[in-house]
**Q** 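The structure's right below; bear with me while I get my questions together.
Remember, it's 1-based here, ligands and their atoms both numbered in the order they're listed.
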Amino acid sequence: MVTINLEAIIDKALNRNTLSKEEIKFLLKLSDPLMKEKVFLTARELRNRYFQDRVFLYGFIYFSTYCRNDCSFCYYRKSNNLCRRYRKTAAEVADIARALAESGVYLIDLTMGEDPLYLSDSTEGQEKLLEIVRMVKESTGLPVMISPGVVAAGMLKKLKEAGADWYACYQETHNRRLYKKLRLNQSYNERWAIKVYAKTIGMLVEEGLLVGVGDSIDDIVNSLMEMKSLGAEQVRTMTFVPQQGTPLYGIDAPGDALELNIIAVMRILFPDRLIPASLDVKGIFGLKERLDAGANVVTSLIPPERGLVGVSQSTLDISEGHRTVKGIMPALQSCGLKPATLAEYTKWIKEKQGHPIKIDKRKEMLCW
Ligand SMILES: C[S@@+](CC[C@H](N)C(=O)[O-])C[C@H]1O[C@@H](n2cnc3c(N)ncnc32)[C@H](O)[C@@H]1O
Ligand SMILES: C[C@H](CCN)[C@@H](N)C(=O)O
Ligand code: SF4
């Protein structure tokens, strides 16, 4: 039997040597506080090597909560009558984006349910979506991320031309059996293929993992491998938050210890990528621990008093103004971190756009 030694793994991580699957599993399963702290410290050291003490801040606009899908984990699934549905106009979205930009974020994440108004075959509806992206780009000049769900390849290209730099679309799991239970009646292959396509047209891609929905440690290792093969520039994980009125409401709410371990492992495996600390899981209260685990982007900053919601925490900390640049500063300071400048962020993404991360399939096989 091979014995696994934490110090040896940390040494390998710091020297950028490839970890074996068994070593990754060992890190993911850690529960001893002292051992975990050693791993988080390693993650912070690697973050510091690539990003120093800088973090990036993303504004979040959930501009339409209408959706044609019925994901079993999501509050905004089409058959949930409990959630509040709204659709902001292009002018409203541009106005919110401008205010977010003035507050100091460097990216606007335009998220929607798979709203049939924008995603049907109607050119008129598609044009409306493109107009939102154009107006946000024009009114802020900031990098833009779109999270519209699965769109046709032609539409994605138009969204890029309208000003979208990033395409965010999370597979949630790379276990096809589990995927079927989460993303009901949605094609696994289509969801994956559109991200691969996004990369071929020069978009930056964010891939994501939902944890606490029946996934095993082996599933998570498998997901990390798939994420690596995609070459996503931003990788995330979020703990499942049970939602009223949905099929998965009854399952035990997972704690977020595993999410923190995954963030640290992601930092070790993908040290130069962007890894979010989302305010959408535990609000401001969960920020420090995510940053301490190695995250380097704060996502889901939402302006109060605009009638906007979060995804997995639809109201938490929003009206209080805690999910704002000002609201997160104390947490950043307590982690010894500061916001990067916009110039630093744009430099990072321009570099990646100019030199997309290429994956050497053969080398990849050797890595794992
Ligand atoms: C609401 S969707 C928005 C974009 C688009 N509708 C889609 O599904 O790709 C964004 C992500 O939020 C996350 N999410 C949704 N409900 C969640 C929940 N209850 N707990 C944790 N994360 C959740 C999922 O990872 C999902 O991919
Ligand atoms: C899940 C959302 C992101 C969609 N691109 C957002 N609530 C977040 O936490 O960053
Ligand atoms: S996760 Fe996205 S696609 Fe699924 S129900 Fe929620 S908003 Fe719709």
**Q** Does Q353 use its side chain to pair, donor to acceptor, with the backbone of G202 at less than 3.5 Å?
**A**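 Side chain of Q353 to backbone of G202, a donor-acceptor pair under 3.5 Å: no, none is there.
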**Q** Atom 13 (C) of ligand 1: which protein heavy atom is closest, and how many Å away?
**A**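 Answer, as residue, atom name and distance: V311 CG1, 4.2 Å.
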**Q** Which residue owns the protein heavy atom closest to atom 22 (N) of ligand 1, what's the atom, and how far is it?
**A**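 Result for atom 22 (N) of ligand 1: L210 CD1, 3.4 Å.
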**Q** Should V144 and I201 be counted in the same cluster of Ile, Leu, Val, Met, Phe, Trp and Tyr side chains packed under 4.5 Å apart?
**A**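 The answer is yes; both residues are in one hydrophobic cluster.
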**Q** Could you tell me the residue and atom name of the protein heavy atom closest to atom 1 (S) of ligand 3, and the distance to it rounded to 0.1 Å?
**A**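 Nearest protein contact, heavy atoms only, for atom 1 (S) of ligand 3 is R183 NH2, 3.5 Å.
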**Q** Provide, to 0.1 Å, the distance between atom 4 (Fe) of ligand 3 and the closest protein heavy atom, together with that atom's residue and name.
**A**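 It is C71 SG, 2.3 Å.
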**Q** Could you tell me how the ring of W166 sits relative to the ring of W348: parallel (under 30°), tilted (30 to 60°) or perpendicular (over 60°)?
**A**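 Rings of W166 and W348: parallel, as their planes differ by under 30°.
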**Q** For atom 1 (C) of ligand 2, grab the closest protein heavy atom and report residue, atom and distance to one decimal in Å.
**A**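 The protein heavy atom lying closest is R236 NH1, 3.7 Å.
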**Q** Quick one: does V241's side chain get under 4.5 Å of Q313's, heavy atoms only?
**A**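 Answer yes - side chains close enough.
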**Q** For atom 2 (C) of ligand 2, what's the nearest protein heavy-atom neighbour? Residue, atom name and distance, please.
**A**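 Going by distance alone, atom 2 (C) of ligand 2 is nearest to F60 CE1, 3.7 Å.
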**Q** For Y58, which part has a heavy atom under 4.0 Å from ligand 2: side chain, backbone, both, or neither?
**A**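 For Y58, no heavy atom sits under 4.0 Å from ligand 2.
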**Q** For E206, is at least one N or O under 3.5 Å away from an N or O on ligand 2?
**A**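 N/O-N/O distance under 3.5 Å: no.
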**Q** What residue and atom, counting heavy atoms only, is the protein's closest point to atom 7 (N) of ligand 2, and at what distance?
**A**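 Nearest neighbour among protein heavy atoms for atom 7 (N) of ligand 2, to 0.1 Å: D280 OD2, 2.7 Å.
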**Q** How far is atom 8 (O) of ligand 1 from its nearest protein heavy atom, and which residue and atom name does that atom have?
**A**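 Nearest neighbour among protein heavy atoms for atom 8 (O) of ligand 1, to 0.1 Å: R183 NH2, 2.8 Å.
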**Q** For ligand 1, does M112 get within less than 4.0 Å through its side chain, its backbone, both, or neither, judged by non-hydrogen atoms?
**A**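 For M112, only backbone atoms sit under 4.0 Å from ligand 1.
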**Q** With nothing but distance in play, are any N or O atoms of G113 less than 3.5 Å from an N or O of ligand 1?
**A**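 N/O-N/O distance below 3.5 Å does not exist for this pair.
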**Q** What protein heavy atom is closest to atom 9 (O) of ligand 2, reported as residue, atom name and distance in Å?
**A**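 For atom 9 (O) of ligand 2, the nearest protein heavy atom is S278 OG, 2.5 Å.
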**Q** Measure from atom 6 (Fe) of ligand 3 to each N, O or S atom of C74 and report whether any distance is below 2.8 Å.
**A**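 For C74, the answer is yes, given that an N, O or S atom comes within less than 2.8 Å of atom 6 (Fe) of ligand 3.
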**Q** Is there a donor-acceptor pair under 3.5 Å between the side chain of D280 and the backbone N or O of S300?
**A**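 No, the answer is negative, given that no donor and acceptor are paired below the 3.5 Å cut-off.
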**Q** Which bit of Y170 gets closer than 4.0 Å to ligand 2, counting heavy atoms only: side chain, backbone, both or neither?
**A**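 The side chain, only.
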**Q** Taking the six-membered ring where the residue is Trp, are the ring centres of Y66 and Y118 under 6.0 Å apart?
**A**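 No; Y118 has its ring centre 6.0 Å or more from that of Y66.
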**Q** Decide whether the shortest distance between a heavy atom of Y75 and an atom of ligand 3 is less than 4.0 Å.
**A**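 Not so, Y75 does not reach ligand 3.
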**Q** Once the angle between the rings of F60 and Y62 is folded into 0 to 90°, is it parallel (under 30°), tilted (30 to 60°) or perpendicular (over 60°)?
**A**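 Aromatic pair F60/Y62 classed tilted.
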**Q** Which atoms of ligand 3 are found less than 4.0 Å from any heavy atom of Y62?
**A**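 Close to Y62: 7 (S).
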**Q** Out of G113, S79, C83, S147, whose heavy atom sits nearest atom 7 (S) of ligand 3?
**A**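 Residue with the shortest heavy-atom distance to the ligand atom: G113.
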